[in-house]
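All ligand and atom numbering here is 1-based and tracks the order in the structure.
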Amino acid sequence: MNILILGGGGREHSLAWAVQQNPKCDRLIVAPGNAGIAGIAECADLDIEDGGAVAVFASENAVDFVIVGPEAPLTAGVADRLRDAGILVFGPSAAAAQLEGSKHFTKEICAAVGAPTAAYGHFNDAEAAKAYIRAQGAPIVVKADGLAAGKGVIVAMDEATALAAVDDMFAGEFGEAGAEVVIEAFLQGEEASFFVLCDGETALPIGSAQDHKAVGEGDTGPNTGGMGAYSPAPVMNPEVTDKALSQIVAPCLAEMARRGMAFQGVLFVGLMIEDDQPSLIEFNVRFGDPECQVLMMRLGAQILDLMHAAAEGRLSETRVNWGNDHAMSVVLAAQGYPGYYDKGSVINSLDTLAETSMEMCFHAGTSKVNGQTVATGGRVLNATARGSTLAEARARAYAMAETIEWPEGFYRSDIGWRALK
Ligand code: AMP
Ligand code: GLY
């Protein structure tokens, strides 16, 4: 099978790493890829949000199967263009990608089926939004409706912060994404991410993870795309998993199918869990980054068969082979991230790292310049390892992170603290 993966972050490096271990993979192309991906696959320069261009590229290169990594091509309809061209693709239609692209849309789906989620109001003018906040009181959560690269959410512990967030959003701080806002009740509890493959009908759980969104030790400081993750998340015990599937995932997927927008791809279910009761915080329509890295470490080559089955509507015939293992990924980011950071610093000693089924350094923002690996993004590397316990995975991941010579980078030293405390 000739396979094309769209994306160029740590998520896509881990997907490429798992996929190319599967003997069914003949040729693997990743667009645009990065310096790490270039070591295991062909990289292609392609505008991955241009569905027409991706379809032409796929045809010209005899691609049998396309795997879409990030959300932007999905909400832009790239999966639809590929299907129109008769190319098999893993990833939802633009209509189904509204589950991530519009918070209001997701709230409506939840309301239609009674799925547990925070009570909310939806507004397109600031005064009505503020009146709602005054009536509800703080703490309260203000969200830009559309895609805002993970930044359009303000968890306001007091009313003044919430009111100011509304003004910022309507003043255009998050662009088009903030032209509508969702305001919702503050949920208490512990967060977890739950990943489910879907073929439009069948839902197949493939694991859980916990991310660390804040940049600083002890979950302090501004939010990032994610500074580290581990899998499984202990809070996702069998009871919580059953409830998440029966109360949230299954009814929402059935409602999507009923509306003629059956969801195919991976559903990233962001949950808040209190007293073993999960509530939906959000859906994403793609793997998390860095959550994907820990899932791929654990699942390995079988993920290709599972994604292929999802794309062909054969998930009911599959099963997941689980080991009793744990994985952790530590993100190395450029100093200054998530604020301003310099690009172009050189990273050394990467070639001394082991690359095995137990430990891999996945690349995110890297490229090769004159034979050297240089940092080109905010999140740059993911030191990822597996172990029979989380403590073992942690020790391996941090040993790897310490070996990497990159003075311009930093990482959190406490990934996994909740599970290891
Ligand atoms: P989201 O982009 O919707 O995942 O929100 C970003 C983060 O804000 C989440 O990971 C939570 O930590 C927090 N958050 C979002 N909604 C709520 C809520 N209703 N109650 C408490 N925290 C929330
Ligand atoms: N790590 C969070 C996300 O991918 O949305």
Side-chain angles (χ1 to χ4, degrees), residues 7 9-12 14-15 69-72 74-75 97 99-107 110 116-122 133 136 138-157 161-162 165 169 174 177-178 181-195 208-215 219-231 233 235 266-274 278-296 329-331 333 338 362 364 378-379 382 384 412 415 418:
R11 166 179 49 210
E12 289 77 19
S14 69
L15 284 169
E71 64 276 18
L74 294 168
T75 53
L99 284 178
E100 174 161 1
S102 168
K103 297 193 189 298
H104 181 209
F105 176 86
T106 296
K107 286 293 196 185
C110 287
T117 185
Y120 79 110
H122 172 254
I133 289 169
Q136 300 294 320
I140 196 159
V141 183
V142 182
K143 300 186 176 187
D145 182 67
L147 289 183
K151 299 190 181 82
V153 175
I154 310 291
V155 179
M157 298 315 286
T161 305
M169 284 187 193
F174 301 105
V181 303
V182 164
I183 299 178
E184 65 179 43
F186 174 77
L187 298 170
Q188 310 254 22
E190 186 165 343
E191 283 186 68
S193 307
F194 181 43
F195 294 87
S208 65
Q210 232 159 15
D211 188 13
H212 298 64
K213 286 206 162 104
V215 72
D219 293 330
T220 54
N223 270 352
T224 68
M227 291 301 293
Y230 57 91
S231 172
V235 66
V266 58
L267 194 63
F268 168 159
V269 188
L271 298 169
M272 187 73 86
I273 298 142
E274 189 180 27
S279 298
L280 182 72
I281 296 180
E282 61 167 356
F283 284 131
N284 294 309
V285 299
R286 37 112 193 144
F287 282 108
D289 185 342
E291 292 92 326
C292 188
Q293 289 83 314
V294 286
L295 292 177
M296 292 310 116
S329 185
V330 177
V331 172
F362 295 120
R379 292 190 296 168
N382 309 123
T384 309
R412 272 180 65 166
I415 301 304
R418 270 195 195 78

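- The one candidate from Glu282, Lys107, Glu184 that meets the side chain to side chain donor-acceptor pair (under 3.5 Å) condition with Thr117 is Lys107.
- Counting the atoms of ligand 1 from 1 in the order shown, those under 4.0 Å from a heavy atom of Lys213 are 4 (O), 10 (O).
- Listed by atom number, the atoms of ligand 1 under 4.0 Å from Lys103 heavy atoms are 3 (O).
- Close N/O approach between Lys213 and ligand 2 is not found [any backbone or side-chain N/O within under 3.5 Å].
- At a 4.0 Å cut-off, at least one heavy atom of Ala185 sits close enough to ligand 1 to count as contact.
- Residue Ser329 holds its OG atom at 8.5 Å from CD1 of Ile415, rounded to the nearest 0.5 Å.
- The side chain to side chain contact (heavy atoms under 4.5 Å, CB included) test with Phe268 singles out one residue from Phe283, Phe287, Phe195, and that residue is Phe195.
- Side-chain contact between Arg11 and Arg286: present, with at least one pair of heavy atoms (C-beta onward) separated by less than 4.5 Å.
- Against a heavy-atom cut-off of under 4.0 Å, Phe186 is close to the following atoms of ligand 1: 20 (N), 21 (C).
- In this structure, Val215 and Pro338 approach most closely via the heavy-atom pair CG2-CD, 3.7 Å.
- Residue contact check: Ile281 has heavy atoms under 4.0 Å from atoms 3 (O), 15 (C), 16 (N) of ligand 1.
- Every residue meeting the side-chain contact (heavy atoms from CB on, under 4.5 Å) condition with Gln136, not counting sequence neighbours, appears here in chain and number order: Tyr132, Ile140.
- Taking distance alone, with nitrogen or oxygen atoms compared against 3.5 Å, Arg379 stays at or beyond that limit from ligand 2.
- Compare Glu184, Met272, Glu282 by their heavy atoms: the one nearest to atom 1 (P) of ligand 1 is in Glu282.
- Closest heavy-atom approach to atom 3 (O) of ligand 1 within the set Lys143, Glu100, Gln188: this belongs to Lys143.
- Remark: ligand 2 atoms within the under-4.0 Å shell around heavy atoms of Gly288 are 4 (O).
- Each of Asn382, Leu15, Val330, Val331 was checked for a side chain to side chain contact (heavy atoms under 4.5 Å, CB included) with Gln293, and the lone residue meeting it is Asn382.
- For atom 5 (O) of ligand 1, the nearest non-hydrogen atom from the set Ile183, Asn284, Val153, Val141 comes from Val153.
- Neither the backbone nor the side chain of Arg11 has any atom closer than 4.0 Å to an atom of ligand 2 (non-hydrogen atoms only).
- Counting heavy atoms closer than 4.0 Å to ligand 1, residue Leu187 contributes atoms from both its backbone and its side chain.
- Close N/O approach between Gly225 and ligand 2 is found [any backbone or side-chain N/O within under 3.5 Å].
- Within the listing of ligand 1, atoms 8 (O), 13 (C), 14 (N) sit less than 4.0 angstrom from a heavy atom of Val155.
- The nearest protein atom to atom 3 (C) of ligand 2, hydrogens excluded, is given as Arg286 NH1, 3.5 Å; this is a heavy-atom distance.
- The distance between the ring centers of His212 and Tyr230 falls below 6.0 angstrom.
- One distance of note links NE2 of His104 with NE2 of His122; it measures 4.5 Å at 0.5 Å rounding.
- For Glu190, the side-chain contact (heavy atoms from CB on, under 4.5 Å) test picks out Gln210, Val235, Arg418, with sequence neighbours left out.
- The N/O atoms of Asp211, backbone and side chain alike, include one that comes under 3.5 Å of an N/O atom in ligand 2.
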